Colleague: 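This is the structure I want to talk about, given as structure tokens.
Residue numbering restarts at 1 for every chain, and letters A, B, ... go by the order of the sequence lines. Keep in mind that what you see is a predicted model, and the values were worked out from it rather than measured.
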There are 2 protein chains.
Amino acid sequence: MTTIRDVAERAGVSVTTASYALNGIGSIGDATRKRVLEAAEALNYHPNAFARHLKKRKTHTIGVFISRFGGAFYEEILEGIHSIILETDYELLVCPESRSTRRMLLHRQVDGAIVFDSKISDDDVLKLASGHFPIVVLDRSLQSDFILPLLLDNAQGVREAFAHLYGQGCRKIAFVTGAMDSFDNTERMATFLAEAEGRNLHVPVYPGNFTEVSGYAAAMSILQSGDLPDAVFCANDQMAMGFLRAMKEHGLHAPADIAIVGFDDIPLSRYLQPSISTIGTSRFEWGATAARQLIDFLDTESPFQPHRIPTRFLPRESSTLRRESPSAAG
Amino acid sequence: MTTIRDVAERAGVSVTTASYALNGIGSIGDATRKRVLEAAEALNYHPNAFARHLKKRKTHTIGVFISRFGGAFYEEILEGIHSIILETDYELLVCPESRSTRRMLLHRQVDGAIVFDSKISDDDVLKLASGHFPIVVLDRSLQSDFILPLLLDNAQGVREAFAHLYGQGCRKIAFVTGAMDSFDNTERMATFLAEAEGRNLHVPVYPGNFTEVSGYAAAMSILQSGDLPDAVFCANDQMAMGFLRAMKEHGLHAPADIAIVGFDDIPLSRYLQPSISTIGTSRFEWGATAARQLIDFLDTESPFQPHRIPTRFLPRESSTLRRESPSAAG
DNA sequence: TCAGTGAAGTGAAACGTTTCACTTTTAACT
DNA sequence: AGTTAAAAGTGAAACGTTTCACTTCACTGA
């Protein structure tokens, strides 16, 4: 572990001079600077990040906190964030859930954070956020000058989807929920039920948890009841996939027997057979917006600009009963 | 920014006592400990990670360095790594390419690293690695006691693929390369050419760079030459996708006109039409193995166990001319 | 009563940087 | 030669922890 002290010694200068030379600041003679740089090179010196960050109060790094990497969901958001990072001089650190006390531990190891992990409590986020530590949250609604909730406009897409099903004559529509502690699920369900209520429709609700398996299970309990709906809205695509799998096993077809709509537009949804009607957004833009706003805040202290990320319904095979017009493709 | 000094003051104890109490070590009376904990809670105190890590020489964190998040490739590796992390008390930090001096900056911010980013030079990896900083590399071959190269067994899969094509009677086989500075590409190409040579076949080589577009371009130059091969091996699936797109645009079909084989088994390859024959591995296991070995090294100093990650050929529609036996499915 | 013991608590050095405030050297003018 | 200013370089404090070595104190048992 060579330190700046070793470098200074070898170059025959003081630690101060070595520091200035290495950072290219202060007034240091060319010859001296060169000698220091050579010493550093020769000793394979790398500054200790902790000592440096302890002294300077900034790390020029933003942290992204997610629960996991899979799920075909985070990837595009991370790419969006990364695309903005590449335009700046910031670093990016992505931290998934871990057993130890990540939340506390990583605090102040980054200058700001983007949070997309329901395992992190609202309370922790509220406590951590400050003018020195702004946070963008992608999965919840929180009120603070230093927190920017950047949420999907769930209502918009759900309304479009409902209109599509209703417009096709579906009147017996069931809803399969996601995890009940999810903000998005709550909003999707509330919107859907409100739309139905507006048309005097009763919507049976089946509990799920966003997993493929829970969609399958919901389908099983519906199919076994014998009383089939003509359409089912699943709170995400994974569950729609599970639902479709169960239908196939029972010799039923979407949309002929039951029209299916999901949410998220995961990459697979387009390629399955039938392709899954779903509600999508540009996740890349979502991530990019989050990163942009966070960095703007850090650089210029400009206050956060709350807004919703637009979503839109993408009709595909799993719910389209008859093609209205030949040119109307999703 | 409340510090441990503030906590100590509020609790009416020394900084030392506060530190011991907060860390649950030393001999501190129950009443005192409680007072310290309450003070910390009241002040919303979080230890400064930099000061802590500067003093203790360990961070209990491993870093993963990748070039980007997309490409349908890293996701599963990251999930594999994460799965191991969850079993331990380590933290995980994932760091994609950035404009600033990430390599130096992150050094010592983690206890060990997993590298999968060709933009990081061999030289840097060699210099950084040491008994205090072990590195697992997933994309290159390097010799050091403190570096573990965990590479795909490219040869195995390529040989199987070649045998498959040759066994079907293909004799005029072209190769589309990946990026020339890629270790994997080099190995895939070398194996393929060696296999061909062994059967006295000449293989025309078309340059690509692993992108879908470069596969498309390679196809265009082959198709325009008018002299069609009966099979093409692409060094990865993205290029195979591009190749197939070009074929479709020319009214050609795989495998009837040209049999196509890719490499990587990206999720999409299974769902496209035709589905793409490819060479796959368990990327989840790959990541898990990397994490396991790194953590073993850190915990027990047990030396690295070099080995290759097995790959296997997955015959699908794009290359299977006739089904040999009804039961032989991939 | 007192040495001995263990529990409870503390002072201060150390980790490796950066940077403020300062001194020394050099060069440029009269 | 003497003055001044700028350039080059340095000492030491600070960042916020942890932890070694130490003190204080109350209690035990003889």
Side-chain angles (χ1 to χ4, degrees), chain A residues 1-37 39-40 43-61 101 104-111 130 132-133, chain B residues 1-37 39-40 43-61 101 104-111 130 132-133:
Chain A
M1 302 280 147
T2 93
T3 75
I4 200 174
R5 171 156 271 109
D6 303 320
V7 174
E9 221 155 82
R10 182 181 237 259
V13 297
S14 72
V15 169
T16 305
T17 303
S19 176
Y20 282 138
L22 288 166
N23 288 300
I25 55 178
S27 57
I28 303 292
D30 283 350
T32 310
R33 175 181 332 261
K34 195 156 162 255
R35 230 168 344 115
V36 172
L37 262 26
L43 294 172
N44 190 21
Y45 166 77
H46 299 291
N48 179 309
F50 295 123
R52 156 174 294 179
H53 293 321
L54 176 57
K55 188 66 175 119
K56 311 169 77 111
R57 318 291 297 254
K58 292 273 158 190
T59 63
H60 233 65
T61 304
T101 56
M104 307 305 146
L105 200 82
L106 261 332
H107 183 42
R108 296 191 195 159
Q109 199 152 337
V110 292
D111 291 348
S130 79
H132 304 291
F133 194 72
Chain B
M1 302 281 147
T2 95
T3 74
I4 199 174
R5 173 156 270 110
D6 303 320
V7 174
E9 221 155 81
R10 183 179 235 260
V13 298
S14 72
V15 169
T16 305
T17 303
S19 176
Y20 283 138
L22 288 165
N23 289 300
I25 55 177
S27 58
I28 304 292
D30 283 349
T32 309
R33 163 168 297 125
K34 197 157 162 252
R35 233 169 339 115
V36 171
L37 262 26
L43 295 173
N44 190 21
Y45 165 77
H46 300 291
N48 179 309
F50 295 124
R52 157 174 293 178
H53 293 321
L54 177 58
K55 188 66 176 125
K56 312 169 76 115
R57 318 292 298 254
K58 292 270 158 195
T59 63
H60 233 65
T61 303
T101 55
M104 307 306 146
L105 200 83
L106 260 333
H107 183 42
R108 298 195 193 154
Q109 198 152 338
V110 292
D111 290 350
S130 78
H132 304 291
F133 194 72

Colleague: Is B:R10 reaching over with its side chain to a backbone N or O of B:A39, donor-acceptor style, under 3.5 angstrom?
Modeller: no
Colleague: Show the numbers, then the answer: is there a side-chain contact (heavy atoms from CB on, under 4.5 Å) between A:L22 and A:L37?
Modeller: CA-CA 7 Å; A:L22 288 166; A:L37 262 26; 3.9 Å; yes
Colleague: Just checking, is any N or O donor in the side chain of B:T17 or B:S14 under 3.5 Å from an acceptor N or O on the other one?
Modeller: yes
Colleague: Taking atom P of C:dT26 as reference, at what distance in whole Å does atom CD1 of A:I28 sit?
Modeller: 15 Å
Colleague: For A:D111 and A:T59, indicate whether the former's side chain and the latter's backbone hold a donor-acceptor pair under 3.5 Å.
Modeller: yes
Colleague: Could you go through B:K34 and B:T32, starting from their C-alpha distance and side-chain angles, then the distance that decides it, and tell me whether this counts as side-chain contact (heavy atoms from CB on, under 4.5 Å)?
Modeller: CA-CA 5 Å; B:K34 197 157 162 252; B:T32 309; over 6 Å; no
Colleague: In B/S/- notation, 5' to 3', how is nucleotides 12-22 of chain C contacted by protein heavy atoms closer than 4.0 Å?
Modeller: B-BBBBBBB--
Colleague: Looking at A:S27 and D:dA7, is any side-chain donor or acceptor paired with a base atom of the opposite kind under 3.5 Å?
Modeller: no
Colleague: Any idea which heavy atoms bring B:Y45 and B:I4 closest together, and the distance?
Modeller: CE1-N, 3.4 Å
Colleague: Would you find a donor on one side and an acceptor on the other, under 3.5 Å apart, between the side chain of B:R35 and the backbone of B:A11?
Modeller: yes
Colleague: Angle, rounded to 10°, between the helical axes spanning five pairs at each terminus of the helix from C:dT1-D:dA30 to C:dT30-D:dA1?
Modeller: 50°
Colleague: Just checking, any donor-acceptor pair under 3.5 angstrom between side chains of A:N23 and A:R52?
Modeller: yes
